[in-house]
Amino acid sequence: MIARVLPDVGAIHRVFDYLVPPELERDVAVGTMVRVTLQGRRVGGWVVAVADEPETDRALQPIAKVRGMGPPPALVDLTSWAAWRWAGPRASFLGTASPPTAVRGLPPAPARTPQPTAPVADDLAKEALAGGRRVLRLPPARDPFPVVFEAARLGPALVLAPSVAQAAHLAMRLRRNGFAVAQHPRDWASAAAGGSTVVGARAAAWAPLAEPAAVVVLDEHDEGYQEERAPTWHARDVVIERARRAGAPCALVSPCPSLESLATAPLVAPSRSEERAGWPVVEVVDRRKEPPGLGLFSERVVTLAREGGRLIAVLNRKGRARLLACVSCGELGRCEVCESAVEQTDAGTLRCRRCGAERPSVCLACGATRFRVLRAGVSKAREDLERLAGRAVAEVSAESTDAVGDAPVLVGTEAVLHRADRADAVAFLDFDQELLAPRYRAGEQALGLLARAARLVGGRRDGGRLVVQTRMPTHEVIDVVVHADPSRFALVESARRAALRLPPESAIAEISGEAASPFVAALGNDGVSLTGPSAAGRWLARAEDHRRLCDGLASTPRPPGRLRVAVDPLRL
DNA sequence: CGGACAAGCTGA
DNA sequence: CAGCTTGTCCGG
């Protein structure tokens with residue numbers, strides 16, 4: 001018996017043949033994790049195929065050790081596809097699909113799927129999982145659990161949630177309903193044994209179910225599903241492919257579905273009135289019509305902060321002040337080293353955001369020591385709101401570690417929307433910053449923020465309330481919440497993407513690193529067009545679809561040196 | 001990736 | 001020319 005082994009070594013993308021000693025034959029199959037001798041040293045690797053005859057005349061080495069079970073053959077096969085789709089090494093996908101600690105044997109599979117105790121009847125869930133792929137648009141306040149329930153009823157299903165905490169919560173609810181459940185990656189062995197529905201976050205896209213009976217992705221628009229480091233694989237796209245291969249129904253659930261999903265699957269949505277009920281009331285504060293000098297806070301937000309209900313104010317700017325001007329001469333506060341804008345620290349000094357140089361609060365032009373805040377950050381916002389509201393206001397950012405507790409008023413970056421679990425109102429202090437962010441997905445991302453905030457306040461019948469401060473009150477993203485109709489954004493945005501040839505109207509990859517230049521020189525051909533390099537030394541490869549793009553990337557030899565290829569880059 | 005080996009550089 | 005650095009090649 002011959003094992004074809006892919007070593008778990010960075011720069012090796014080849015498969016090598018090894019002899020399987022007779023006493024190990026029982027333990028070796030496609031997916032098995034082994035240790036082998038390569039060039040005199042021991043390295044880990046995966047058996048990606050078994051054969052009777054070697055492909056070489058060389059003398060074969062025996063497999064040194066069987067480390068344990070690895071991904072099932074269907075997933076080993078899927079890693080080849082993923083390596084093509086995201087232009088990355090197959091070994092990195094095999095690593096994600098492998099157990100966190102060695103698995104020598106599997107627990108017994110549950111004899112049969114236990115009969116759920118309390119059936120949840122839901123026509124939309126049934127329709128979304130009737131067969132093939134569907135986008136299921138459910139408003140933020142509507143519980144998606146019936147979809148998960150319906151999927152698990154069909155057999156061992158694969159269910160993704162954007163965060164580990166949400167996945168754990170779903171697992172608990174499924175268990176309470178009588179289903180056998182495995183949490184990925186903790187229960188890797190149970191998942192591999194079969195018979196259990198598997199629940200997890202991004203990495204669970206690679207959970208070891210042989211063939212899911214159904215696939216559900218909750219909040220499929222969530223950016224947490226995409227890996228930031230190259231290869232930039234997307235969990236949603238991985239499970240879509242798994243569902244396709246298994247012939248299993250696949251429901252992509254979201255209050256604001258991504259254009260990518262809408263472009264490739266039919267939409268299922270509740271009635272207008274049901275959808276409306278699931279979005280909160282939104283108050284749009286048109287800042288163009290307000291008297292000048294109010295700063296970050298409209299009268300409406302100040303009133304809400306005073307009134308008593310729990311208010312969360314969102315401002316996506318960290319620190320105290322992001323842009324300052326001298327009180328006496330009006331000159332902008334800039335770095336004496338690199339001339340970039342300086343920010344004000346909590347200690348009152350000025351710090352450069354680009355190079356980190358710090359200096360006392362002194363104007364470079366006139367020597368005055370006082371500055372006016374032109375663009376406040378959350379720290380300043382917290383101070384101001386506390387003064388205006390006359391009660392304690394807490395600050396929350398990604399860095400702050402204090403428990404949110406039940407502080408009545410919170411000010412924070414968007415991290416606050418992840419840390420708090422409920423609110424009576426959420427106010428976006430500078431929503432234009434989100435709408436106008438220089439990224440092609442800014443609109444989708446802004447809408448995602450509104451949907452997340454909507455979850456914290458609940459639907460309109462629960463008194464849920466969003467306040468959006470903006471100078472673009474008729475922007476289609478705001479329109480979505482005003483009318484509780486996400487298609488208002490999708491229509492406008494997909495036309496815009498088509499005009500600009502941006503995804504999903506094209507497939508793009510960002511290429512950077514020292515080897516980028518020779519790589520793109522060899523790339524530009526059949527169906528792949530190139531732009532670049534940008535100031536940061538990045539190229540953009542674009543094709544009509546992923547097939548053309550990924551074929552082009554795969555057929556181009558990689559020159560030596562560091563090369564980063566980010567297919568479907570999030571930020572652009 | 002990391003070991004092997006070859007070619008290139010330095011100093012006595 | 002020994003002794004060391006740097007570069008290139010390749011793995012079962």
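Chain naming here is simple, since letters A, B, ... match the order of the sequence lines and numbering starts at 1 in each.
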| said: Expressed as a whole number of angstroms, how long is the span from Q61(A):CD to dG12(C):P? | reply: 6 Å
| Which ranges of DNA chain C pair up as stems, where a stem means three or more consecutive Watson-Crick or G-U pairs with both distances under 3.5 Å? | B:1-11 with C:1-11
| Are a donor atom and an acceptor atom from the side chains of E223(A) and Q445(A) found within less than 3.5 Å of each other? | yes
| Can you tell me if CD on E228(A) sees more than 12 non-hydrogen neighbours from other groups inside 6.0 Å? | no
| said: So if I take residues 48-59 of chain A and measure heavy-atom distances to DNA chain C, which residues fall below 4.0 Å? | reply: T56(A), R58(A), A59(A)
| Between R90(A) and S80(A): side-chain donor-acceptor atoms closer than 3.5 Å | yes
| message | To check you understand the geometry: which heavy-atom pair defines the closest contact between G443(A) and V477(A), and what is its length? | response | O-CG2, 3.6 Å
| query | Should we count CZ of R571(A) as having more than 12 external heavy atoms under 6.0 Å? | reply | no
| note | Taken to the nearest whole Å, CZ/R35(A) to C1'/dG12(C) is 17 Å
| said: Could you report the tightest heavy-atom contact between H234(A) and Y225(A), atom names first, then the distance? | reply: CE1-CB, 3.4 Å
| task | Grab the CZ-C1' distance between F16(A) and dG12(C) for me, whole Å please. | result | 7 Å
| query | Just checking, is any N or O donor in the side chain of S506(A) or R501(A) under 3.5 Å from an acceptor N or O on the other one? | reply | no
| With a 4.5 Å heavy-atom cut-off, do V5(A) and W46(A) have their side chains touching? | no
What's touching nucleotides 1-7 of chain B from the protein side, N or O pairs under 3.5 Å?
from   : atom 1 : to     : atom 2 : distance (Å)
dC1(B) : O2     : R41(A) : NH2    : 2.6

| query | Would you say the side chains of S258(A) and E444(A) form a donor-acceptor pair under 3.5 Å? | reply | no
| task | Establish, from distance only, whether the side-chain atoms of T531(A) and R542(A) form a donor-acceptor pair under 3.5 Å. | result | no
| task | With rounding to the nearest 0.5 Å, note down the distance linking CH2 in W81(A) to CG in L75(A). | result | 11.5 Å
| remark: note: H13(A), atom NE2; dG11(C), atom C1'; distance rounded to Å ~ 14 Å
| Got a donor-acceptor pair under 3.5 Å from the side chain of R4(A) to the base of dG12(C)? | no
| note | Here the distance between atom C1' of dG11(C) and atom CG of D17(A), to the nearest Å, is 13 Å
